[in-house]
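One structure is given here, and the rest of the page talks about it.
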Amino acid sequence: MQHYIKVYVKVNSDFDSTGYMLPRTITWLDGRTFKIEAVKDFRPASTLSGHHSGDCYTVVIQGEEKHLFFEKTGNLFTARTGRWYVEKPLAG
């Protein structure tokens, strides 16, 4: 069974008039920024720990489908709505 860790990333996103959040670019920890070419799917998904609710976006970056997660913080932090992350496989 493959195990994963969360890697928090910077994402620039737009909001449409209905409030839908659309991710546009993702910036890795090393500073490289990539355009999100398309959002293929969006669905509610819990976080790895199960402690927070969130969403999973299936996005296309450089022609490849990837999963991008938005972890909602709820009432934990009043100035934050959530954080973006990707899942990275643990070496093993």
Side-chain angles (χ1 to χ4, degrees):
M1 181 171 138
Q2 183 73 45
H3 294 280
Y4 296 89
I5 60 169
K6 288 188 224 180
V7 177
Y8 290 100
V9 292
K10 178 180 176 183
V11 173
N12 288 327
S13 55
D14 291 332
F15 292 84
D16 70 13
S17 61
T18 68
Y20 178 73
M21 184 168 48
L22 185 64
R24 297 294 189 180
T25 63
I26 183 171
T27 302
W28 301 120
L29 296 176
D30 65 6
R32 293 178 296 148
T33 298
F34 297 94
K35 179 182 177 188
I36 295 172
E37 299 156 8
V39 176
K40 305 273 284 204
D41 189 38
F42 163 82
R43 64 186 62 212
S46 66
T47 61
L48 291 171
S49 67
H51 293 120
H52 303 289
S53 64
D55 302 311
C56 176
Y57 291 77
T58 302
V59 298
V60 178
I61 299 172
Q62 293 187 331
E64 293 186 29
E65 283 190 10
K66 306 286 184 184
H67 289 109
L68 176 63
F69 297 90
F70 185 75
E71 176 184 81
K72 297 176 184 175
T73 56
N75 296 330
L76 293 177
F77 303 99
T78 57
R80 297 183 198 164
T81 59
R83 299 192 291 175
W84 293 98
Y85 71 93
V86 295
E87 292 180 328
K88 178 182 174 184
L90 280 175

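Residues take their numbers from the sequence shown, with the count starting at 1.
Residues that satisfy the salt bridge (charged side-chain N to carboxylate O under 4.0 Å, His left out) test with Asp16, not counting sequence neighbours, are absent from this structure.
Looking at heavy atoms from C-beta onward, Ile36 lies in side-chain contact with Leu68 at the 4.5 angstrom threshold. Side-chain contact between Lys6 and Arg83: absent, with no pair of heavy atoms (C-beta onward) separated by less than 4.5 Å. Taking 4.5 Å as the limit, some side-chain heavy atom of Tyr20 sits within range of a side-chain heavy atom of Val39. Under the 4.5 Å side-chain criterion, counting only non-hydrogen atoms from C-beta, Trp28 is in contact with Ile26. Between Tyr57 and Trp84 the shortest side-chain heavy-atom distance falls below 4.5 Å. Annotation: side chain of Arg43 is not in contact with side chain of Thr58 (no heavy-atom distance under 4.5 Å).
Partner Val60 forms a side-chain contact (heavy atoms from CB on, under 4.5 Å) with one of Lys35, Glu37, Lys66 and no other, that one being Glu37.
Shortest non-hydrogen contact noted between Asp55 and Pro44 is OD1-CA, 3.8 Å.
Taking CZ from Phe34 and OG1 from Thr25, the interatomic distance works out to 11.0 Å, rounded to the nearest 0.5 Å. How far OG of Ser13 is from CE of Met21: 5.5 Å, rounded to the nearest 0.5 Å.
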